[in-house]
Structures are given as structure tokens and as C-alpha cells.
Amino acid sequence: MDGTKPRFGLHDSISFHTSQTARLIERRVEEGLRNFGLTRAGWCILLAVGEDQLKNPSEIASFVGIDRTATSRALRQLEDEGLIARSIGRQDRRTTEVALTDEGRQRLTDAMPICSENIAHFNDKLSASERAELNRLLGKLRSGEEDSALG
């Protein structure tokens, strides 16, 4: 060896490219959501409750890919803004159930075109087979990793 330290090669790493791409996509959608008074996490929670009918905060956290603390904070903010309502569980009174309010349903509907356009913007850069391959490869990278690493 010549005594030089090996280069890490940051710009050659998968982690650099995936995190840069994720931040770019997130920033773009967050700029649009700001017009509706929403954050990306808030939007995802409204989707979880409104489209996927999730009611339990733990299920919502898992669906969105954020930890319980961040979910609780976002739920509190959405509740303060009148977009969701939390109530004691009907089946198990020790649990909390989350539901959209009429305003939350309207905000979800109003913001949908912004988020759909954002997805289309990036999807249009790839062919259908490239998107499928990218999703497959990203799934492979996540495989075997703990979900808690996402939050």
C-alpha cells in the first residue's frame, strides 16, 4: 500500500442517491401541501384514515412509516386543526380510534391533485418497467430490516 487512505466515494453510494432523491421528492410535495396547511406526514395520515380506513394510531404509524411519537405529534396537530377526531375505542376502551372530520375529508380531497401531480412528475421520468424494477430493488434493500429503522 502507498499509505493513502481509501476513499469512501460518497457520490457512488446507494444511500447518498436514495436519500437525495427522497428529499427532492419530499420537498416538492411539501411545497404543494403547504398551500393546504398540511405536512407530508399529516397528508399521509389523512390518507391512512380516509382511504385505507385505518383507525388505530399504531396501524397508522406503520402505514405512514413513522414512529409512534411522530404519529402522536402529527395526530395532535391534525386534531387541533379540526381535521381528525380521536375517540375511545368502541371494542376496547383502552384504545384510541381516529376518524376524519368533514374538514379533514375536504382537505384530503383538495390536496389530492397536488400529490397526484407530484407522483406523476417523477413517474413520468421512468418507463413502467423501470418503475417496477426500481420498486423491486428498493423493496430488496428494505428486506430484512426492522420497520423501526423507518421512523
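Start at 1 with the first residue, then count along the sequence.
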Would you call Glu133 and Lys140 a salt bridge, taking side-chain N to carboxylate O under 4.0 Å as the test? no
How long is the span from the [atom1] atom in [X] to the [atom2] atom in [Y], to the nearest 0.5 Å?
X: Glu130; Y: Lys125; atom1: CD; atom2: NZ; answer: 12.5 Å
X: Thr101; Y: Leu46; atom1: OG1; atom2: CG; answer: 8.5 Å
X: Thr96; Y: Lys55; atom1: OG1; atom2: NZ; answer: 13.0 Å
X: Ser72; Y: Ile66; atom1: OG; atom2: CD1; answer: 9.0 Å
X: Ile84; Y: Arg76; atom1: CD1; atom2: CZ; answer: 10.5 Å
X: Arg105; Y: Leu83; atom1: CZ; atom2: CG; answer: 11.5 Å

Got a donor-acceptor contact below 3.5 angstrom from the [X] side chain to the [Y] backbone?
X: Arg107; Y: Phe36; result: yes
X: Asp52; Y: Leu54; result: no
X: Thr21; Y: Thr18; result: no
X: His17; Y: Asp12; result: no
X: Arg131; Y: Leu126; result: yes

Quick one: do [X] and [Y] end up in the same hydrophobic cluster if we chain Ile, Leu, Val, Met, Phe, Trp and Tyr together by side-chain heavy atoms under 4.5 Å apart?
X: Val29; Y: Phe63; value: yes
X: Leu10; Y: Ile14; value: no
X: Phe16; Y: Leu24; value: no
X: Leu134; Y: Leu141; value: yes

Under the 4.5 Å side-chain heavy-atom rule for ILVMFWY, direct or indirect, which residues accompany Ile119? none
